[in-house]
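Okay, structure first, notes after.
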Amino acid sequence: MTKISDRILEEILQRCDIAEIISSYIPLKQAGRNFKALCPFHHEKTPSFVVSTDKQIFHCFGCGVGGDVFSFVMKQERLDFPEAVRFLAEKAGVVLEELTDKTGAPAPSVTGLLYRINELAAGYFQERLLSDRRAEQARAYLQKRGVSQETIEFFRIGYAVDLWDGVLRFLREKKIKDDLLLQSGLCVKNEQGRIYDRFRNRVIFPIVNVQGKIVGFGGRIIEPVDALNENGSGDFSPKYINSPETPVYSKSKNLYGLHLSRRHIEEKGFCVVVEGYLDFILPFQHGIKNLVASLGTAFTIDHIRILRRYTHDITIVFDPDPAGQEAALRSLDLLIEEGMNVKIATLESGFDPDTYVRRYGEEGLDKAINAAQSVFDYKLQLLNLRLREDIPEEKARIAAEMLKTIVRIKNAVLRATYLRKLSGRLGVSEEALRTELKKINTPSHSSSQAAITGALRPHKVRSAAERMLLALIWEDTSLLKELKSQMHLAEFSDPIIRRIAQHLYETEDEAITPAVILQRLNDQEVNCFMSNLLLAETGTGNRKKSFNDCVRKIKKDGIQSRLAALQQEINILHNHDSKRLEELLHDYHYLKKEQRLYERGDKKE
């Protein structure tokens with residue numbers, strides 16, 4: 001079991017400023033003593049993500065997620081706790097002698113093991129491509145596509161042999177357990193319980209995250225497979241298959257090649273987005289390096305927010321066929337809504353970035369990229385291919401489709417410019433277009449946001465006084481000693497607050513920080529509750545008076561609850577067990593006296 005001491009955690013927390021860490025992922029803006037931003041964990045238009053440097057915590061008042069710097073890194077980088085500690089320790093220059101298992105060796109984590117498995121598999125696949133006689137067809141395919149030997153080695157391109165258990169046997173020989181092989185996505189189990197390779201007779205492209213770790217694989221088939229597939233359905237294998245979602249890989253949060261191109265994107269000032277592995281690899285080989293590939297999926301909010309760390313300017317180069325056009329259109333509105341400046345480069349029919357750069361070279365593809373159209377011109381051009389402006393009903397449909405994009409533009413000047421341009425192109429008054437624009441409700445991605453909000457809905461505390469009392473303790477930890485002397489743990493009715501109070505009661509350090517408590521409890525619900533509590537405005541004036549009022553209220557509420565319980569038991573035992581009834585009546589009258597004392601105290605106030 002992994003052991004991480006409080007001393008190590010405190011040292012990392014002292015050296016890692018939470019605002020500095022978070023600002024490396026998203027732009028933060030000063031808001032009084034805190035910082036604000038659009039939440040990186042759900043879609044929103046108005047910033048509700050707050051970072052406090054004083055308390056070294058963050059909280060989103062939109063989706064409810066919160067915690068300290070460890071919590072943020074775990075969620076953002078998809079790491080478990082020990083990995084997040086290692087990640088931040090490396091940034092802070094803290095040596096982790098204590099992050100070991102009971103044998104004294106570094107403690108492995110599931111994600112760490114999956115990274116190791118992927119690394120081993122990548123080595124196995126590349127070795128097969130470079131030296132296995134069964135990979136002759138794969139080598140010929142890559143040569144035909146113009147992929148150089150140097151590029152093959154640089155991108156660690158490999159080959160999955162046409163076997164059911166090639167990588168399975170290799171990894172088992174490395175003492176990798178079957179459950180990890182299945183978690184990695186490299187292997188699959190059928191209904192009969194048989195485990196077999198996911199990738200067979202395919203060119204393999206390792207997918208690498210921005211930290212340079214292999215998180216998954218993409219496999220391209222070399223030729224159609226006529227044989228029955230594993231489930232016997234007789235379906236043809238798809239052209240591409242990718243690793244499934246795993247603890248280290250999510251297709252909606254990874255962009256192919258970003259670990260290699262991010263420096264070039266910053267230097268060039270914009271990013272070129274293509275669709276497939278070879279659409280990235282061949283331009284990169286020819287010298288165009290400020291690009292990423294979307295791994296065959298539509299652009300997501302996570303993709304956009306990852307790219308926004310490096311640039312706000314995007315040029316999309318998708319295939320000019322109908323499928324490519326649809327993919328571009330799906331991405332446009334979301335990119336605009338997220339404040340990105342978007343252009344679309346169109347290639348000649350029958351070409352994609354891979355074949356285009358091989359035909360026309362770096363200069364030719366650069367020219368096509370530099371001639372990219374604005375969102376307005378591109379979308380209007382596509383609509384004009386399907387609809388006619390001289391037919392009133394179809395003109396209205398063109399206007400409606402264009403307005404769906406224009407309404408997402410946040411910049412008022414740009415929005416007005418495009419409205420004027422659309423008015424001129426369609427011969428419709430700006431006033432009529434503005435009337436129609438007001439009728440459009442911008443999609444809010446409500447279903448996904450509702451799921452996030454529901455999962456992280458702020459914990460409802462049973463007692464407002466208990467919540468206030470805890471907030472007061474963190475504002476002035478000198479009150480902790482008084483709290484211990486006046487209240488027992490059992491007097492806290494809310495389970496989360498009782499858990500936090502227990503750790504406060506057990507510490508001898510009155511200067512204990514919220515971050516240390518969060519690490520001791522290591523619970524997402526506690527993280528969200530604590531960050532919400534600490535960043536919410538309490539509006540307290542006289543802390544000592546507020547403290548005493550809270551204690552009295554909690555005790556009164558506790559007495560009331562115990563009286564109600566006693567009254568119920570007395571009613572049940574009436575005319576039965578006289579001895580027990582006498583004890584209950586004694587306790588009841590004692591509590592009533594105590595209740596009157598608190599009521600008199602209230603009147604004096």
Side-chain angles (χ1 to χ4, degrees), residues 113-178 180-190 194-209 212-227 229-230 236-244 246 248-249 256-257 259-260 276-282 284-285 293 295-296 354:
L113 290 169
L114 292 179
Y115 287 135
R116 177 173 173 264
I117 290 168
N118 288 339
E119 187 66 32
L120 289 169
Y124 166 81
F125 290 134
Q126 184 157 68
E127 180 62 28
R128 298 282 72 70
L129 178 67
L130 297 177
S131 60
D132 198 307
R133 59 178 178 78
R134 292 167 293 188
E136 188 60 44
Q137 195 176 16
R139 290 191 288 269
Y141 164 77
L142 289 169
Q143 185 178 15
K144 183 180 178 182
R145 297 296 296 265
V147 182
S148 70
Q149 185 66 24
E150 184 182 2
T151 295
I152 288 172
E153 294 174 9
F154 182 74
F155 284 93
R156 303 187 67 180
I157 300 171
Y159 173 66
V161 180
D162 193 10
L163 296 171
W164 289 103
D165 60 354
V167 78
L168 174 65
R169 281 191 288 112
F170 171 78
L171 291 172
R172 278 177 172 171
E173 287 171 5
K174 299 294 182 182
K175 309 300 181 186
I176 306 297
K177 294 179 180 178
D178 286 356
L180 283 170
L181 294 178
L182 294 171
Q183 280 193 68
S184 73
L186 286 162
C187 297
V188 181
K189 182 188 284 189
N190 64 14
R194 177 190 172 193
I195 298 175
Y196 58 92
D197 289 359
R198 179 181 298 275
F199 302 102
R200 304 180 301 281
N201 192 29
R202 290 177 182 272
V203 175
I204 299 296
F205 301 93
I207 301 167
V208 182
N209 67 13
K213 294 180 179 179
I214 298 173
V215 294
F217 299 90
R220 190 199 191 281
I221 201 163
I222 299 172
E223 61 180 358
V225 177
D226 296 322
N229 62 19
E230 174 65 10
F236 288 105
S237 295
K239 185 177 177 181
Y240 280 99
I241 59 173
N242 292 324
S243 292
T246 74
V248 298
Y249 174 66
Y256 184 74
H259 68 297
L260 300 171
Y277 300 104
L278 290 175
D279 287 337
F280 177 93
I281 290 170
L282 266 299
F284 197 95
Q285 177 180 300
L295 294 168
D354 157 26

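The structure displayed is predicted, hence computed values, not measured ones.
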Donor-acceptor pairs are to be reported for all side-chain atoms of residues 166-173 against protein atoms at under 3.5 Å, with residues two or more places apart or in another chain.
| residue | atom | partner | partner atom | Å |
| --- | --- | --- | --- | --- |
| Arg169 | NE | Asp165 | OD1 | 3.4 |
| Arg169 | NE | Asp165 | OD2 | 3.2 |
| Arg172 | NE | Asp178 | OD1 | 3.0 |
| Arg172 | NH2 | Asp178 | OD1 | 3.4 |
| Arg172 | NH2 | Asp178 | OD2 | 2.9 |

(message) For a 4.5 angstrom cut-off between non-hydrogen side-chain atoms, does Asn209 reach Tyr115?
(response) yes

(message) If you compare all heavy atoms of Leu129 against all heavy atoms of Ala138, which two are closest, and at what distance to 0.1 Å?
(response) CD1-CB, 3.9 Å

(message) A quick test of your reading: do over 12 heavy atoms of other residues, nucleotides or ligands sit less than 6.0 Å from CZ of Arg156?
(response) yes

(message) So, using side-chain contact (heavy atoms from CB on, under 4.5 Å) as the criterion, who are the partners of Arg145 when residues are at least two apart?
(response) Tyr141, Val147, Arg220, Leu278, Asp354, Arg358

(message) Can you tell me how the ring of Phe205 sits relative to the ring of Tyr240, calling it parallel under 30°, perpendicular over 60° and tilted otherwise?
(response) tilted

(message) Suppose we screen for salt bridge (Lys or Arg N to Asp or Glu O under 4.0 Å). Which residues come up paired with Arg139, at least two apart in sequence or across chains?
(response) Glu136

(message) Please give me the minimum heavy-atom distance between Cys187 and Asp197, naming the atom from each residue.
(response) SG-OD1, 4.2 Å

(message) Quick check: do Val248 and Lys213 have side-chain heavy atoms less than 4.5 Å from each other?
(response) no

(request) Could I get the full list of salt bridge (Lys or Arg N to Asp or Glu O under 4.0 Å) partners for Glu127, not counting sequence neighbours? (result) none

(request) Only counting residues at least two apart or in another chain, list the ones meeting side chain to side chain donor-acceptor pair (under 3.5 Å) with Tyr277. (result) Asn242

(request) Starting at CG of Leu186, measure out to CZ of Phe199 and round the result to the nearest 0.5 Å. (result) 6.5 Å

(request) Name all residues meeting the side-chain contact (heavy atoms from CB on, under 4.5 Å) criterion together with Gln149; count only those two or more places apart in sequence or in a different chain, and write none if there are none. (result) Leu130, Ile152, Glu153

(message) Please find the pair of heavy atoms, one from Ile157 and one from Gln126, that lie closest to each other, and give the distance.
(response) O-NE2, 3.3 Å

(request) With sequence neighbours left out, write down each residue that passes side-chain contact (heavy atoms from CB on, under 4.5 Å) with Arg198, or none if nothing qualifies. (result) Val188, Ile241, Pro244

(request) Find the distance between OH (Tyr159) and CG (Asp132) and round it off to the nearest 0.5 Å. (result) 8.0 Å

(message) Any non-hydrogen side-chain atom of Leu181 less than 4.5 Å from a side-chain atom of Ile195?
(response) no

(request) For the residue pair Ile222 and Asn201, establish whether any side-chain heavy-atom pair is separated by less than 4.5 Å. (result) yes

(request) Using side-chain contact (heavy atoms from CB on, under 4.5 Å) as the criterion, list what pairs up with Ser148, not counting sequence neighbours. (result) Glu150, Thr151, Gln285

(request) Would you give the length of the straight line joining atom OG of Ser243 to atom CG of Asn118, rounded to the nearest 0.5 angstrom? (result) 7.0 Å

(request) Would you please name every residue forming a ring pair (Phe, Tyr, Trp, His ring centres under 6.0 Å) with Phe125, sequence neighbours left out? (result) Phe217

(message) Give me the atom names and distance for the closest heavy-atom approach of Gly257 to Phe280.
(response) CA-CZ, 3.5 Å

(request) Please report the closest heavy-atom contact between Ala122 and Ile214, naming both atoms and the distance. (result) CB-CD1, 3.5 Å

